[in-house]
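Down below is the structure, laid out as structure tokens.
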Amino acid sequence: MQSTEQLVELAKGGKREAIATLVNRYERAAVATAWGILGDFHLAQDVTQDSFVNAFRQLSQLRSSKTFGTWLMTSVRRNAVRMKGRQQRETTVEFPLAETVMQPEGWMVAFQEILPTLVELPLQEYEVISLRYINGFSVGQIAEETGRPIGTVTKQLSRAIARLRDMVVELEK
Amino acid sequence: MNEHQSTEPDGDMEQELMSLGKTLGEKLSLSQRVLDELDAADDNSILPPPAVPRLRRPIGDLTMFQKLSVATLAASIALVATLWLVLSADSVSLAEVVENIRQATSYQADVRMETRMEVDGNKPSIVGKYYWRAPQDVRMETAMGDGFTRVEIIFRDKAGIEIDPRAKTYRVAAARAGASSPIMKLQNLSDFSQRAQKQLGEKSIDGSMCDGFEIKTSDIDPSAGNGTLEVWVDRTTQLPVLVEMQISDQVPTVMVFENIVWNSELNESLFSTVPPKDYKLKKPSNWSQRTNAEKLATMTSALKKFAALNGGKYPQVKVIYGDVTQAKMLELGGYEGVIRGERARENQFADIMQSTRGWGAMNQIMRENATAEYHGLEVGPEDADKVLFSWKEKDGATLVIYGDLRTAELIK
């Protein structure tokens, strides 16, 4: 399997397969991030798509190819927050999702319940938890991706899960 | 699909997140979309010209998703519509078919709904099972993936239940006491006088010879959008055995009822509203806790935007359906196919998407509240004193939107 660093270098040369692989590698965590902020799966996909496109068009500005993932996720988060701000300026009424025409599928409901809590985690913890559980990365891959020691990643994961549990319990009270 | 392998997580929360992540991965396929966008960029693109011509994605998955999500409503429409259809057909023993259907006590069918076009290389679809028993009890089972089946049990005169086995939650489903498409009303069958547009001939289905008919859905219910209904009636039993409803507005979709079994004894437990043990009651949505003023504001905003696009006329229907009205607005706004990139960021497009909230709210009120009335065919923005939309709340208050979009809450 090619490393992110290798893929980014290939992407800089316009290799389509490398770009597609990078998108496949990060799309889950990226969409989940945007979804958690925006509360809309489809809008989240659009924001993620735009973030990927902008990232690839600005790839030369990336200092270290290794950090593509964190660079992208930061961009997704920023773009989603901007979009959210724009939405709030345009409307203050929430869509009656589950009760009317847009009854989402069950997995989406489950996701929509957990995501807002997930994105409330501290950024570093959100990063490792989304890469680990949503993207399916191994701890070693996350360590490589984020440039943190494996022990640090493991601790951050444990802390994130504990914090997430506390937040869910608090919400259910 | 993600290429990474990882060890299985231990805790429930980790497992749930992992499972959700996996499902999300199955639903996503952004790589081609990203490549298309990069190809489309006329400057600063890092990509060389594509080796093959770009494929134009034919439909927008947002609308597709909405289409799939109205399966329960459409499911009800499709089969009951056959009752009307066979009344209109000339070449079968009408009297016998009609009588058979009128006397039916139940039916069950396998249901599938899928697009006729690909979205990012896939044809999104849902499959499920549908049960109906007289007078108007419905159970809809929908496969959620991962072996879970979502269940909705809906009654006309009392609350039902929605059960989500993945989340282990349930929700109370409001009674569907309000307006619905005329094709869902058995008692109105005799009101219709249309004839089937096309005889489809005969064919064998599961060894039984059947006669087929086709009709435009708009001739049955002008509010229900464009499409056709194809019905095949078994010559021996004189009952429908296969129904296909083609929805041909922005997202071409087909819904198929097959393996229809009439008058089998449905176990009472199929319609039980007792939640499974250890399932939690889902919190009511934020929407249901909105004030009447907020709900009215959402609806009037949608109506105003629609009239602006439609030459000063509100939706020209008797019943508001969220997806149908949104599709009409997109058509009026000049949006076709995939709406992405700059077009998706247009204010007008955002307005149309936001308006769907209003249509959804109106549809919810109309289907759940027997007092709800919409008069868009007769009332326009100039009719300041005429009621455009109204309904009565349980506390006796009547909420009104007038033609000029003033609103009022009338206390008895």
Side-chain angles (χ1 to χ4, degrees), chain A residues 1 11-14 16 19-21 23-25 27-29 31-32 41-42 45-46 48-50 52-53 56-57 59-60 86-87 90-91 93-107 109-111 113-114 118 129-130 132-139 141 161 164-165 168, chain B residues 1-7 9 11 13-14 16-18 20-25 28 30-31 33-35 37-38 41 44-48 61-62 65-66 69-70 144-145 148 150 164 166-167 171 285-288 290 294 297-298 321-323 340 344 350 354 356-357 359-361 363-364:
Chain A
M1 189 183 77
K12 282 180 179 172
R16 306 173 69 80
I19 291 170
T21 305
V23 174
N24 288 341
R25 188 170 286 185
E27 64 183 359
R28 290 194 212 180
V31 168
F41 177 51
H42 299 281
Q45 288 185 74
D46 285 344
T48 304
Q49 180 183 334
D50 289 348
F52 268 120
V53 170
F56 286 121
R57 293 182 72 183
L59 216 46
S60 58
R86 208 162 73 197
Q87 280 187 316
E90 288 168 1
T91 178
V93 183
E94 289 179 40
F95 186 74
L97 268 179
E99 295 184 358
T100 57
V101 291
M102 283 187 69
Q103 291 174 351
E105 295 172 63
W107 73 274
V109 175
F111 234 136
E113 282 177 354
I114 192 76
L118 208 57
I129 211 167
S130 62
R132 174 77 181 95
Y133 296 115
I134 296 176
N135 246 37
F137 279 24
S138 68
V139 172
Q141 285 167 334
I161 285 292
L164 201 54
R165 283 209 176 92
V168 170
Chain B
M1 297 304 108
N2 197 282
E3 67 206 70
H4 294 278
Q5 298 296 317
S6 59
T7 55
M13 183 166 284
E14 293 97 312
E16 186 186 357
L17 284 170
M18 189 75 98
L20 289 170
K22 189 178 169 200
T23 308
L24 177 63
L28 291 176
L30 290 179
S31 55
R33 286 165 55 171
V34 170
L35 287 167
E37 284 284 319
L38 288 168
N44 299 327
S45 174
I46 61 168
L47 290 178
D61 54 359
L62 175 65
F65 176 71
Q66 291 178 353
S69 67
V70 297
M144 302 167 74
F148 292 110
R150 176 186 166 89
D164 181 346
R166 180 185 280 133
R171 185 199 294 273
S285 72
N286 290 338
W287 172 261
S288 62
R290 296 282 175 192
E294 287 171 322
T298 311
Y321 297 113
D323 60 327
R340 298 204 193 286
Q354 299 290 353
T356 308
R357 301 171 179 180
W359 312 132
N363 177 260
Q364 182 183 2

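Within every chain, numbering begins at 1; the chains are lettered A, B, ... in the order of the sequence lines, protein sequences first and strands thereafter.
The backbone N or O of L30(B) lies less than 3.5 Å from a partner atom in the side chain of E27(A), making a donor-acceptor pair.
Note that the OG atom of S31(B) and the CD atom of Q49(A) stand 10.5 Å from one another [nearest 0.5 Å]. The distance from the CZ atom of F56(A) to the CG atom of L35(B) is 8.0 Å, given to the nearest 0.5 Å.
Nearest heavy-atom pair, L24(B) versus V31(A), reported as atom, atom and distance to 0.1 Å: CD1-CG1, 4.3 Å.
In this structure, the side chains of L17(B) and L164(A) come closer than 4.5 Å at one or more pairs of heavy atoms. R132(A) places a side-chain heavy atom less than 4.5 Å from the side chain of M18(B).
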